[in-house]
Amino acid sequence: MSDYSVRISEDIGRQLRRCRASFRQSIQKRLQEIVDEATALPVSRRPAAATQGPRLRFYVFEGYGVSYQVDHITRSVTITKLRPAS
């Protein structure tokens, strides 16, 4: 069983580089937890037909929302949005 990986687009990467180190560390820690959970999920529990699951999100301090998708075919977690929560 191969592990899942995190994918970050260039645009999101630029946004992250402008953030404080503690903010980036909080996001990286939560993404690692998501990757670990996805990797540990038994094959029988993964969605078979869907390429990508619904957009999911988590929040980090200062009210920033991080939206992401888990793709079970490419075995990746992709950040789709990084923005202040309104």
Side-chain angles (χ1 to χ4, degrees):
M1 173 171 64
S2 62
D3 291 342
Y4 279 64
S5 62
V6 174
R7 289 187 180 178
I8 299 174
S9 69
E10 287 185 35
D11 293 339
I12 300 291
R14 279 192 292 272
Q15 282 183 280
L16 284 171
R17 284 189 292 276
R18 289 191 300 253
C19 297
R20 289 190 331 235
S22 59
F23 179 78
R24 289 191 308 264
Q25 289 171 348
S26 294
I27 291 175
Q28 289 172 345
K29 179 181 176 187
R30 180 63 185 123
L31 287 173
Q32 187 58 50
E33 292 170 357
I34 293 165
V35 165
D36 293 344
E37 290 169 10
T39 300
L41 190 65
V43 174
S44 61
R45 299 270 323 257
R46 295 182 190 141
T51 304
Q52 294 181 328
R55 273 194 187 164
L56 305 170
R57 80 176 58 101
F58 63 91
Y59 296 92
V60 291
F61 55 87
E62 298 174 3
Y64 270 82
V66 179
S67 298
Y68 66 95
Q69 290 182 317
V70 178
D71 188 333
H72 298 290
I73 293 175
T74 62
R75 301 185 66 79
S76 63
V77 176
T78 305
I79 297 177
T80 58
K81 282 188 184 177
L82 173 66
R83 62 186 173 93
S86 29

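Remark: the backbone N or O of S67 is paired with a side-chain donor or acceptor of T80 at under 3.5 angstrom.
By the 4.5 Å heavy-atom criterion applied to side chains, I34 and D36 are not counted as neighbours. Between Y4 and H72, some side-chain heavy-atom pair lies under the 4.5 Å cut-off.
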Can you give me every donor-acceptor pair (side chain of residues 23-31, partner residue at least two apart or in another chain, under 3.5 Å) with its distance?
from : atom 1 : to  : atom 2 : distance (Å)
R24  : NH1    : C19 : O      : 2.4
S26  : OG     : S22 : O      : 3.1
R30  : NH1    : E33 : OE1    : 3.2

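Here K81 contributes atom NZ and Q69 contributes atom CD; the two are 10.5 Å apart, rounded to the nearest 0.5 Å. Note that CD1 of I12 and CG of L82 are 5.5 Å apart. Values are rounded to the nearest 0.5 Å.
Taking the six-membered ring for Trp and thresholds of 30 and 60 degrees, Y68 and F58 have ring planes inclined between 30 and 60 degrees apart.
With respect to T74, the side-chain contact (heavy atoms from CB on, under 4.5 Å) criterion is satisfied by exactly one of V77, D71, T78: D71.
Residues D11 and Q15 bring no donor and acceptor atom of their side chains to less than 3.5 Å of each other.
Scanning both residues, V70 and A38, for their nearest heavy atoms gives CG1-CB, 4.3 Å.
For R17, there are no side chain to side chain donor-acceptor pair (under 3.5 Å) partners at least two apart in sequence or on another chain.
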